[in-house]
Novice: 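This structure is in structure tokens; I'll ask about it shortly.
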Amino acid sequence: MFETKYLIRLDDACSTMKHSNWDEVEKILDDYSIKPIVSIIPENEDKSLNYSHKNINFWEKARNWQAKNWIIGLHGYKHNLEKTNFKSILNFYNSSEFTGVPIEEQKTKLRNASKIFLEQNIVPKVWVAPKHTFDDNTLRALNEITDIKIISDGIAIKHYFSKDFMWLPVQLWNFRQMPFGTWTFCLHPNTMNKFDFQNMKKFIKKNSHHFIDLNNEILPLRKVNLFDKIFSLFFWTRRKIKIHINNKKRNN
Ligand SMILES: [Zn+2]
């Protein structure tokens, strides 16, 4: 019950990613046989993710990840984020590719995204919403259009079952040791630097036995408990305070 499990999620894989950084990350993971969730954008239109020219071999690379048993995440459709006044299930940001979008439009996005994956022989197993923002209609659309049963998101200490999906919480953006629970480290290889690679290597070397392979992991139908709720309250309060302090600093 009190064991510690770690997962790595790599965000923003697309044909214009920073390939040298991704190669570096892949090498570290391969050295320790770690199978991450890799979130792939089917048809990127987010200019902030243009780290290179469009690589025509991108999908071959993605198939190679799949062949290595990396878990493929469907990372939205075009990653074009728009401001929204609607509330996301996870209140991280007020911009989204999905939150507040009418359900029929969400279905169309998912249908188009799935079509691209199918054409490229890629089977997504996990939903990874751009910016962590999506709503109940996204879940309904996912249920209807895709075979995805796992959401890579949520603030809790362990995975939990809710709204017809298994949720694998994503709580950490930097490597740190945790006393117990299942923790996903969310990494953005495109913006990682030398220091980040070293840090990643050091942490994995020390903790490699705690990393799980989602392909072999049985996830019991667990519900959130009091510990999850306390952690969630702590997480969101801490985030609010941090944002407040950063805004104050910026205004000074
Ligand atoms: Zn993203």
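First listed ligand is number 1; within each ligand, the first listed atom is number 1. Both backbone and side-chain heavy atoms feed into the values below; hydrogens, waters and symmetry mates do not.
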Novice: Would one find more than 12 heavy atoms of other residues, nucleotides or ligands at under 6.0 Å from atom OH of Tyr32?
Specialist: yes

Novice: Around the Zn ion (ligand 1), list the protein N/O/S atoms within a radius below 2.8 Å, excluding water molecules.
Specialist: Asp12 OD1, His75 NE2, His79 NE2

Novice: Between Glu104 and Lys107, does any side-chain N to carboxylate O distance fall below 4.0 Å?
Specialist: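 Salt bridge flag = yes for Lys107 with Glu104.
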
Novice: Per the side chain to side chain donor-acceptor pair (under 3.5 Å) rule, which among His210, His159, Glu217 passes with Lys5?
Specialist: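 With Lys5 as partner, His210, His159, Glu217 yield a single side chain to side chain donor-acceptor pair (under 3.5 Å), made by Glu217.
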
Novice: Which residue in the set Phe185, Trp183, Phe180 passes ring-ring contact (aromatic ring centres under 6.0 Å, His included) when paired with Tyr6?
Specialist: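 Filter result, single survivor: Phe185.
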
Novice: Passes side-chain hydrogen bond (donor to acceptor under 3.5 Å, both in side chains), Glu119 versus Trp59? Steps please.
Specialist: CA-CA 10 Å; Glu119 281 165 3; Trp59 288 106; over 6 Å; no

Novice: Should Lys163 and Asp136 count as an ion pair when the cut-off is N to O under 4.0 Å?
Specialist: yes

